Amino acid sequence: MTENIVAAKQPLGLWKSIIVGIAGLFYAYAVWNALSYTFTVAPAGINAYGWFVLIFSVLFPILVFVIVYVLARRRTAAELTIAMIAGLALVAVFWMNVAALSMLTTSFLPL
């Protein structure tokens, strides 16, 4: 007779939990910064493209954090750290593009 063996989920581990927690704080800061910028720019009046870019800049760090966590949770602590740092670098580059777009062009302003 055969038995169905279900593999139990392994806990994340102390070091990985600390790494995910600290990286999560940096990602949360990126979200907070994007929200703050959205509330600063919104009263000036922006068009639909501007709303799309600003809302996506709020959601992008969350999306990157989830993707990096899902891809790296089963790896070693060092690989998880490198993946989280790479994700933060991607978020920083995206944020610099949003800041440059809003400061150097008038595409956010209604026509």
Side-chain angles (χ1 to χ4, degrees):
M1 199 177 289
T2 61
E3 293 181 25
N4 292 335
I5 299 174
V6 178
K9 286 186 174 182
Q10 295 180 352
L12 194 58
L14 178 65
W15 286 109
K16 288 184 182 180
S17 297
I18 291 171
I19 292 166
V20 169
I22 291 172
L25 290 174
F26 285 108
Y27 283 97
Y29 176 74
V31 171
W32 187 258
N33 191 21
L35 274 174
S36 173
Y37 188 71
T38 300
F39 291 140
T40 303
V41 174
I46 53 178
N47 59 14
Y49 175 68
W51 279 111
F52 171 76
V53 170
L54 291 176
I55 291 172
F56 189 68
S57 70
V58 172
L59 298 177
F60 188 71
I62 299 168
L63 180 68
V64 170
F65 178 77
V66 169
I67 290 171
V68 169
Y69 176 72
V70 167
L71 291 177
R73 69 180 172 205
R74 298 182 196 266
R75 307 216 179 257
T76 65
E79 292 170 339
L80 177 65
T81 303
I82 292 170
M84 288 289 179
I85 291 172
L88 281 170
L90 182 66
V91 168
V93 168
F94 179 76
W95 179 248
M96 292 299 286
N97 286 334
V98 169
L101 175 70
S102 66
M103 290 179 194
L104 298 177
T105 65
T106 57
S107 61
F108 279 11
L109 301 176
L111 297 175

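Start at 1 with the first residue, then count along the sequence. Nothing here was measured: the structure is a model prediction, and the numbers come from that model. Worth knowing before you read on, the calculation uses all heavy atoms, side chains too, and leaves out hydrogens, waters and symmetry mates.
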request  = Begin with the C-alpha distance, continue with both residues' side-chain angles, and end with the deciding distance and a verdict on side chain to side chain contact (heavy atoms under 4.5 Å, CB included) for Phe65 and Val20.
outcome  = CA-CA 9 Å; Phe65 178 77; Val20 169; 3.8 Å; yes
Ignoring hydrogens and angles, write down the donor-acceptor pairs under 3.5 Å from the side chains of residues 80-96, residues two or more places apart or on other chains.
residue : atom : partner : partner atom : Å
Thr81   : OG1  : Ala77   : O            : 2.8

Common cluster, [X]/[Y], ILVMFWY with side-chain heavy-atom separation under 4.5 Å:
{"X": "Trp32", "Y": "Tyr37", "value": "no"}
{"X": "Ile18", "Y": "Phe26", "value": "yes"}
{"X": "Val98", "Y": "Val64", "value": "yes"}
{"X": "Phe39", "Y": "Ile62", "value": "yes"}

message = Could you work out, with side chain to side chain contact (heavy atoms under 4.5 Å, CB included) as the rule, every residue matching Ser17, not counting sequence neighbours?
response =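 Ser17 satisfies side chain to side chain contact (heavy atoms under 4.5 Å, CB included) with Leu12 only.
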Side chain to side chain contact (heavy atoms under 4.5 Å, CB included) partners of Ile55, counting only residues at least two apart =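 Here the qualifying residues are Trp51, Leu59.
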ask   = Relative to each other, are the rings of Phe60 and Phe56 parallel, tilted or perpendicular (30° and 60° limits)?
value =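 Phe60 and Phe56: tilted rings.
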task = Check whether any side-chain N or O of Ser57 sits under 3.5 Å from a backbone N or O of Leu54 as a donor-acceptor pair, and report yes or no.
result =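 A pair under 3.5 Å: yes.
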key: Validation row: Leu101, Tyr49 side chains within 4.5 angstrom (heavy atoms)   =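 Contact flag for Leu101/Tyr49 side chains = yes.
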Heavy-atom pair of closest approach, residues Val58 and Val31 =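 Between these two residues, the closest heavy atoms are O-CG2, 3.7 Å.
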Give every donor-acceptor pair under 3.5 Å between a side-chain atom in residues 66-75 and any protein atom, sequence neighbours left out.
none

